[in-house]
Amino acid sequence: MNRVILAVLVVILGLNIFMVVEQQKKSAESSLMPEVEVVEVIDSSYCVDLNEEETLRCLEKVIAQGNYTGNDLFILGQLYFHGIGQSADKAKGIQEIEKSAINFNELGAIDFLGDYAAEEGDRISAQYWYARAIANGYLPAQLKLANIYRYQPQSEREFEVALNLYQDAANRGSLDALYELALVYATGTVVEADLEESQVALKKGCEEGHQKSCDLLEQIERLLNEERIEEE
């Protein structure tokens, strides 16, 4: 009996030794394999509440991994453009903002490019970007395009285009466009001067809380009162 027990123990011991040796071989093989870096997949929600430089680097990482939105590109472009988190690089910033505008149709980016082109005196590019924003229903861009045609006209027809853009934007609820219409009627720069029509537009804007309309309406009414007094 003792011999049988001894034989069984020898077999068990042999199996244990074999398993240990195999484990050691596997450990040795794995140690020879190159380490694979595990990269955390993140999105821009990870970039909140960081300092300027950390926000920049975080967004760069998000975009490098491909898990980004048009707004992420727009924000990163502005950081480059204005030098937030690193030295300013306008060309690099515009490049990212253009990606946002072209690939994602990001309205903020489109409007930004229109403003930048206008500031640089690039009328054609400004018109293009503002028109693209208008096509996406962005009213502020419609007002900006109308201002280009009104204040920098290249033909008489552009005055009429400006007036139509103001009128359409005002009809769609733009108080700034309504104010510009009032100025047009008050000065007669595009149409025949009509102070009554101007007052109607200003009263409507003022009632809606547009302070510039209130101020101009007060000035016009004061001037009209002064004229009445002089006539009397």
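Only heavy atoms go into these numbers, but all of them, side chains included; no hydrogens, no water, no symmetry mates. Note that the coordinates shown come from a computational prediction; the quantities given were computed from them, not determined experimentally. Position 1 is the first residue of the sequence, and the numbers go up from there.
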**OP:** Scan for ring pair (Phe, Tyr, Trp, His ring centres under 6.0 Å) pairs involving residues 167-216, sequence neighbours excluded, and state none if there are none.
**Re:**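 Qualifying pairs: Tyr179-His210.
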Original post:
Could you walk me through whether Ile42 and Cys58 pass the side-chain contact (heavy atoms from CB on, under 4.5 Å) check?
Top reply: CA-CA 9 Å; Ile42 62 175; Cys58 181; 4.3 Å; yes
Quick check: do [X] and [Y] have side-chain heavy atoms less than 4.5 Å from each other?
X      : Y      : answer
Glu98  : Ile94  : yes
Lys99  : Gln95  : yes
Asn105 : Arg132 : yes
Gln199 : Leu224 : yes

Does [X] share a hydrophobic cluster with [Y], counting links as ILVMFWY side-chain heavy atoms below 4.5 Å and allowing steps through other members?
X      : Y      : answer
Ile148 : Leu113 : no
Leu59  : Ile84  : yes
Val191 : Leu165 : no
Leu76  : Ile102 : no
Ile97  : Tyr128 : yes

So, does [X] use its side chain to make a donor-acceptor pair with the main chain of [Y] at under 3.5 Å?
X      : Y      : result
Thr55  : Asn51  : yes
Asp111 : Leu107 : no
Asn171 : Gln167 : yes
Asp168 : Asn164 : no
Ser198 : Asp194 : no
Gln86  : Glu53  : no
Asn136 : Ala133 : no
Arg150 : Val161 : no

Working to the nearest 0.5 Å, report the span between [atom1] of [X] and [atom2] of [Y].
X      : Y      : atom1 : atom2 : value
Leu183 : Tyr166 : CG    : OH    : 8.5 Å
Tyr138 : Leu143 : OH    : CG    : 10.5 Å
Ile134 : Gln142 : CD1   : CD    : 5.0 Å
Leu202 : Leu216 : CG    : CG    : 4.5 Å
Glu54  : Lys61  : CD    : NZ    : 12.5 Å

**OP:** Output, in order, the C-alpha distance, side-chain angles, deciding distance and verdict of side chain to side chain donor-acceptor pair (under 3.5 Å) for Ser45 and Asp43.
**Re:** CA-CA 5 Å; Ser45 65; Asp43 57 42; 2.3 Å; yes
Original post:
For Phe81, which residues count as a ring-ring contact (aromatic ring centres under 6.0 Å, His included) partner, sequence neighbours excluded?
Top reply: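 Counting only residues at least two positions away or on another chain, Phe81 forms a ring-ring contact (aromatic ring centres under 6.0 Å, His included) with Phe112, Tyr116.
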What are the two closest non-hydrogen atoms of [X] and [Y], and how far apart are they?
X      : Y      : answer
Trp129 : Ile110 : O-CG2, 3.1 Å
Gly70  : Ser100 : O-OG, 2.7 Å
Ala193 : Ala186 : CB-O, 4.3 Å
Ala201 : Ala182 : CB-CB, 3.9 Å
Gly77  : Glu96  : CA-CB, 3.7 Å
Val62  : Ser44  : CG2-N, 3.9 Å

**OP:** Taking side-chain hydrogen bond (donor to acceptor under 3.5 Å, both in side chains) as the test, write out the residues that go with Tyr80, two or more places apart.
**Re:**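 Listed in chain order: Glu60.
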Original post:
With sequence neighbours excluded, what pairs up with Tyr149 under the side-chain hydrogen bond (donor to acceptor under 3.5 Å, both in side chains) test?
Top reply: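 Partners of Tyr149 under the side-chain hydrogen bond (donor to acceptor under 3.5 Å, both in side chains) test: Gln127.
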**OP:** Run the numbers on Asp176 and Lys212 for salt bridge (Lys or Arg N to Asp or Glu O under 4.0 Å), then give the verdict.
**Re:** CA-CA 9 Å; Asp176 287 331; Lys212 289 172 69 177; 5.6 Å; no
Subject >> Pairing of Arg123 and Glu158 as salt bridge, 4.0 angstrom limit >> reply: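 Judged by the 4.0 Å cut-off on N to carboxylate O distance, Arg123 and Glu158 do form a salt bridge.
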Original post:
Any ion pair linking Glu207 and Lys204 (charged N to carboxylate O, less than 4.0 Å)?
Top reply: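 No, Lys204 and Glu207 are not salt-bridged.
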**OP:** Could you note down all residue pairs passing disulfide (SG to SG under 2.5 Å) where residues 176-206 supplies at least one of them, sequence neighbours left out?
**Re:**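 Every disulfide (SG to SG under 2.5 Å) pair that includes a residue of residues 176-206, provided the two are not neighbours, is Cys206-Cys214.
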Subject >> Residue list, salt bridge (Lys or Arg N to Asp or Glu O under 4.0 Å) with Asp215, at least two apart or on another chain >> reply: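 Here no residue qualifies.
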**OP:** Classify the side-chain pair Glu221/Asn225 by whether it contains a donor and acceptor separated by less than 3.5 Å.
**Re:**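 Result is no, nothing qualifies.
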Subject >> More than 12 heavy atoms from other groups under 6.0 Å of CG on Asp49 >> reply: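 Result for CG/Asp49: open.
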**OP:** In sequence, state the C-alpha distance, the side-chain angles, and the governing distance for Thr69 and Leu73, and then conclude on side-chain contact (heavy atoms from CB on, under 4.5 Å).
**Re:** CA-CA 7 Å; Thr69 66; Leu73 281 171; over 6 Å; no
